[in-house]
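First comes the structure, then the notes that go with it.
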Amino acid sequence: MGMKVANMVTLAYLLFHACLLFPSSTSAYRSTYIVHKDMSVMPKAFASHDQWYLATLNSLKAVNGSTTSNADNSTARLLYTYTNAIHGFSAVLSPEELETLKKSHGFVSAYPDRTVKLHTTHTTEFLSLNPNTGLWPASNFGKDVIVGVIDSGVWPESESFKDDGMTEVPASWKGACDFGGDSNTSLCNRKLIGARFFNKGGRAAGDDSEDMNTARDMDGHGTHIASTIAGNYVEGASFFGYANGTARGVAPRARLAVYNPIFSFSGYSSDIIASIDQAIADGVDVISISMGFDRIPLYEDPIAIASFAAMEKGVLVSSSAGNDGPLASTVKNGAPWLLTVGASSDDRQFAGTLTLGNGVSIVGWSLFPANAWRVGVSLVYNETLLACNSSKLLSDQAAGSIVICLDNSNLGAQIDNVTASSVAGAIFVSNDPHFFEAGDLPCPAVVISPMDVPKVIEYAKSSDSPSVTMKFQQTFIGTKTAPSAATYSSRGPANHPGILKPDLVAPGTKVLAAWIPNTSTARIGLDLELTSDYILASGTSASCPQASGVAALLKGAHPDWSPAAIRSAMMTTANPLDNTFNPMRDNGDNHQPATPLAIGSGQVDPNKALDPGLIYDADAQDYVNFLCSLNFTREQLLTITRSSSYNCSTISSDLNYPSFVALFSNTSRTVQEFHRTVTNVGDGASTYRVKLMLPKGISISVTPDTLVFKEKHEKLSFVVSVKGGPPTERNVSYGSLVWADDGGNHTVRSPIVVL
Ligand SMILES: *[C@@H]1O[C@H](CO)[C@@H](O)[C@H](O)[C@H]1NC(C)=O
Ligand SMILES: *[C@@H]1O[C@H](CO)[C@@H](O)[C@H](O)[C@H]1NC(C)=O
Ligand SMILES: *[C@@H]1O[C@H](CO)[C@@H](O)[C@H](O)[C@H]1NC(C)=O
Ligand SMILES: *[C@@H]1O[C@H](CO)[C@@H](O)[C@H](O)[C@H]1NC(C)=O
Ligand SMILES: *[C@@H]1O[C@H](CO)[C@@H](O)[C@H](O)[C@H]1NC(C)=O
Ligand SMILES: *[C@@H]1O[C@H](CO)[C@@H](O)[C@H](O)[C@H]1NC(C)=O
Ligand SMILES: *[C@@H]1O[C@H](CO)[C@@H](O)[C@H](O)[C@H]1NC(C)=O
Ligand SMILES: *[C@@H]1O[C@H](CO)[C@@H](O)[C@H](O)[C@H]1NC(C)=O
Ligand SMILES: *[C@@H]1O[C@H](CO)[C@@H](O)[C@H](O)[C@H]1NC(C)=O
Ligand SMILES: *[C@@H]1O[C@H](CO)[C@@H](O)[C@H](O)[C@H]1NC(C)=O
Ligand SMILES: *[C@@H]1O[C@H](CO)[C@@H](O)[C@H](O)[C@H]1NC(C)=O
Ligand SMILES: *[C@@H]1O[C@H](CO)[C@@H](O)[C@H](O)[C@H]1NC(C)=O
């Protein structure tokens, strides 16, 4: 499903751009633009920004005397005026109108509406959250924190959104419950406190689908995300028996407000900006957004731009890194004020067991969606069938039997052939991590490791009438080694390679969460479609909401922390090791140690993030100083910052970030200095000493190498000087800088990456 969706979106994107190259007639050729204005020069005559924007647009109509119509492209037409996320509006304009608009008073910039990619592909025990100690009790399980979810809406009747145990909605909540139908408010409650949809950009682009006019989720993505962040406790949730247990979000007492700019898996910048604009106005504390634009400049990236405004208001925006890994330079949402979340695979294995006629048992991978057995079925080992690449041959030779299919690097086609045949089941062989991360299994089968194959073949060859029993629906926890970087998770370096992205990883593989009840979530055979209220989904779409949930808990425990402080706490306490205490491995790189370009600072560790010791804080002006180093024009800068009260009197690419990237490749530089300031958020006086793990071929000095804090909230600065040259292997070398306190209570770790 993930592939199909991605292709559709890409296709729409190409068509959209191809059209721009061949405009036919001017009036037919109107399309949507996001227009930024400089509010500081708004004439006093206008009582509000809406009036000013409308007057600007009306002046275009006046030029050519068009009539106003809301349904067609015959005239310039306003879609949204924005208030919080950007200063400006979106409108349907002809190229000529756009040119005229560019000459209007206070114009800053304009760019075409774009389609966005949802980061779909097709958990929390592992995060060690404990009801009795750590972040859960410290944050009251996220009580009264409001998370805004920008996605495909929500299925409000899901058990995960019932409001048992939730207190009254605070009077300060300014949101609304608008499902577009007649049942509006009755669908919201004390858990799901807001729902809205945004479709004007989509409609203007000619889209027209049933799911555009409602906040109801018609594809499942938004429901999965919202329940992952803050779903209530639901006992006995499972995906056809797999991952059976009590489902609940990372912040089970936080509230949810959903904003739906997505329909048919696709969305437009204009609608996404409107969503974030509204979420800020409504008063959410954290925003979660599992989608991203392909590497466009920051000043045209609606998520980056709108998130800057959110950050200024103290709202952390948690975003997904994308599913284009393991290729390098694929990470999305690289803006330095975003939390950018990659994905890891966790320690659960979904399994089936084979018992051979001789009593030998073998556990393999399975997700066959039924509580079913195959008992004492004949086992076929036939050299000419081992490729399992013809359903006809399989049906002719092995109908009603279980076949052995050897690894031919095309497991997907083998599964399809077995499913289309009349065999009773199959034993597949593979250790392809990507399949275990995202694969489905519509035929009764178990996928075993190559190590186990000889046992099966020897038995099949030696027995006169070999047989096998298969059992499904098993879930094992504690598999070594985990976590590991997920194959699909997008990799750095980011667009602006001096900022390390992703920031961290969270579990994103086969995450169990709520789904919508009326689409197929699994299949048996060729055409038996199954539904399920809970499914296992993989992607950074599934990992981002886990981090959003942790951010919500931290906001609950530390209401005074800035977005940068919350992110810093999550990054400096993240764990780069796996459950064997070795460096986390990379499923997308042959199980080599994962570099920070795959996992950032490591896997988020909520309980440690509660008490990080030190934080690397940053405010809006710090980000502006960084933007100034990118040589943007005044207009480009103003597009992002909205306010001309920012200026470039300080230009610094050296942001106070909790990770370090030294750029030596393609430069003659051999030394790079970093200036950092840390704030003591521990309990009073403490002394921290630096510990370094040097990247290969690099020397590092830190001055001073000891930080003596006399009190809480005190800030101290240090300088890191990195000497050396470009990496000699794997295009990256890396190490770390750790501030460790004398009591041994805090280790504040930052990865150091050399490119
Ligand atoms: C108005 O129409 C004229 C001629 O048809 C055209 O040149 C001009 O660009 C139009 N102006 C706008 C704002 O569309
Ligand atoms: C649903 O809510 C929206 C927004 O608050 C409102 O415009 C609409 O009239 C409501 N519908 C009903 C039937 O109450
Ligand atoms: C308006 O223009 C867009 C983009 O060219 C097109 O896709 C859409 O179908 C047009 N809408 C109408 C109602 O003609
Ligand atoms: C899920 O677990 C519960 C409690 O352990 C058990 O009663 C129930 O039968 C299980 N359901 C499935 C489908 O395995
Ligand atoms: C193996 O399969 C081939 C055809 O693919 C068939 O001709 C042959 O009889 C089979 N061997 C046995 C032992 O069933
Ligand atoms: C199936 O696999 C066999 C053995 O590898 C190969 O000879 C044959 O060409 C394959 N057939 C197809 C249709 O791929
Ligand atoms: C069977 O396998 C072949 C070769 O891998 C593939 O081309 C074909 O599409 C598969 N058939 C089915 C029904 O999936
Ligand atoms: C699912 O249910 C919704 C709400 O009743 C409905 O609008 C939608 O068409 C249904 N989707 C499918 C695929 O049946
Ligand atoms: C910005 O411009 C300065 C001076 O021209 C140049 O040294 C620097 O490399 C530029 N920075 C970027 C990010 O392009
Ligand atoms: C730039 O901004 C700083 C901080 O807001 C302010 O003190 C300074 O006066 C500004 N400089 C100019 C030239 O506007
Ligand atoms: C470390 O933490 C423990 C428990 O919170 C506390 O009792 C102890 O004083 C701390 N040690 C130092 C040196 O801060
Ligand atoms: C160095 O330049 C090469 C060629 O332009 C480019 O592919 C590579 O990404 C650059 N490396 C860095 C770290 O910027």
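Only heavy atoms go into these numbers, but all of them, side chains included; no hydrogens, no water, no symmetry mates.
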side-chain hydrogen bond (donor to acceptor under 3.5 Å, both in side chains) partners for Thr330, two or more places apart: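 side-chain hydrogen bond (donor to acceptor under 3.5 Å, both in side chains) list for Thr330, sorted by chain: empty.
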
[X] vs [Y] side-chain heavy atoms within contact, under 4.5 Å:
X: Leu54; Y: Leu78; value: yes
X: Met291; Y: Ile262; value: yes
X: Arg114; Y: Pro302; value: no
X: Thr83; Y: His87; value: no
X: Ile615; Y: Thr572; value: no
X: Val35; Y: Tyr53; value: no
X: Val341; Y: Val505; value: no
X: Leu627; Y: Ile640; value: yes

Distance-only side-chain donor-acceptor flag, [X] / [Y], under 3.5 Å:
X: His221; Y: Ser290; answer: no
X: Tyr268; Y: Asn199; answer: no
X: Thr639; Y: Ser109; answer: yes
X: Asp654; Y: His675; answer: no
X: Ser318; Y: Ser548; answer: yes
X: Asn333; Y: Thr340; answer: no
X: Asp617; Y: Thr679; answer: no
X: Ser152; Y: Asp217; answer: yes
X: Asp271; Y: Tyr80; answer: yes
X: His49; Y: Thr81; answer: no
X: Ser643; Y: Thr641; answer: no
X: Asp503; Y: Tyr657; answer: yes
X: Asn625; Y: Thr650; answer: no

Backbone of [Y] reached by a side-chain donor or acceptor of [X] within 3.5 Å:
X: Tyr82; Y: Ile273; value: no
X: Ser104; Y: Phe107; value: no
X: Asn84; Y: Ile280; value: no
X: Arg567; Y: Leu338; value: yes
X: Trp52; Y: Ala47; value: no
X: Glu99; Y: Glu96; value: no
X: Ser568; Y: Tyr616; value: yes
X: Asp324; Y: Ser490; value: no
X: Gln546; Y: Ser543; value: no
X: Lys501; Y: Ala335; value: yes

For [X] and [Y], work out which heavy atoms get closest and say how close.
X: Tyr259; Y: Gly148; value: CE1-CA, 4.1 Å
X: Ala552; Y: Ala251; value: CB-CB, 4.3 Å
X: Leu663; Y: Gln672; value: N-OE1, 2.9 Å
X: Ser652; Y: Ser629; value: C-CB, 3.9 Å
X: Thr32; Y: Ala204; value: OG1-CB, 3.6 Å
X: Phe179; Y: Cys188; value: CE1-SG, 4.1 Å

Could you go through the side-chain contact (heavy atoms from CB on, under 4.5 Å) check for Tyr33 and Ser90 one step at a time? CA-CA 6 Å; Tyr33 293 86; Ser90 48; over 6 Å; no

Assess whether side-chain contact (heavy atoms from CB on, under 4.5 Å) is satisfied between Ile150 and Ile287, documenting all intermediate values. CA-CA 7 Å; Ile150 316 290; Ile287 288 175; 3.7 Å; yes

Taking the ring centre of each residue, are Phe632 and Tyr299 less than 6.0 Å apart? yes

Validation row, ring centre His36 to ring centre Tyr111 under 6.0 Å: yes

Less than 4.0 Å between a side-chain N and a carboxylate O, is that true for Asp211 and Arg216?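 So Arg216 does not pair with Asp211 through a salt bridge.
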
Is a salt bridge present between Asp301 and Arg295, judged by a nitrogen-to-oxygen distance below 4.0 Å?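 Salt bridge flag = no for Arg295 with Asp301.
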
Going from [atom1] on [X] to [atom2] on [Y], what distance comes out if it is rounded to the nearest 0.5 angstrom?
X: Ile305; Y: Ser307; atom1: CD1; atom2: OG; answer: 9.5 Å
X: Leu101; Y: Leu57; atom1: CG; atom2: CG; answer: 6.5 Å
X: Trp337; Y: Tyr623; atom1: CH2; atom2: OH; answer: 8.5 Å
X: Met212; Y: Ser264; atom1: CE; atom2: OG; answer: 8.0 Å
X: Ser320; Y: Ile303; atom1: OG; atom2: CD1; answer: 7.5 Å
X: Leu630; Y: Leu637; atom1: CG; atom2: CG; answer: 9.0 Å

Ser94/Glu97 under side chain to side chain donor-acceptor pair (under 3.5 Å): CA gap, chis, key distance, verdict: CA-CA 5 Å; Ser94 70; Glu97 286 159 347; 3.3 Å; yes

Step by step, work out the side-chain contact (heavy atoms from CB on, under 4.5 Å) result for Lys37 and Thr56. CA-CA 10 Å; Lys37 299 275 281 183; Thr56 310; 3.4 Å; yes

Would Lys555 and Trp561 count as a cation-pi pair here, with the cationic atom under 6.0 angstrom from the ring centre and within 45° of the axis?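 Not flagged: Lys555 not positioned over aromatic ring of Trp561.
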
Before you tell me yes or no, could you show the steps for Ile146 and Val286 under side-chain contact (heavy atoms from CB on, under 4.5 Å), namely the whole-Å CA-CA distance, both residues' side-chain angles and the distance that decides it to 0.1 Å? CA-CA 7 Å; Ile146 302 168; Val286 173; over 6 Å; no

Decide side chain to side chain donor-acceptor pair (under 3.5 Å) for Asp113 and Ser270; before the verdict, give the C-alpha distance in whole Å, the side-chain angles of both, and the deciding distance to 0.1 Å. CA-CA 6 Å; Asp113 211 0; Ser270 51; 2.6 Å; yes

Name the one of Asp178, Asp277, Asp282 that satisfies salt bridge (Lys or Arg N to Asp or Glu O under 4.0 Å) with Arg196? Asp282

Name all pairs fulfilling the salt bridge (Lys or Arg N to Asp or Glu O under 4.0 Å) condition that reach into residues 619-646, sequence neighbours left out, sorted by first residue then second. Asp38-Arg634, Glu312-Arg642

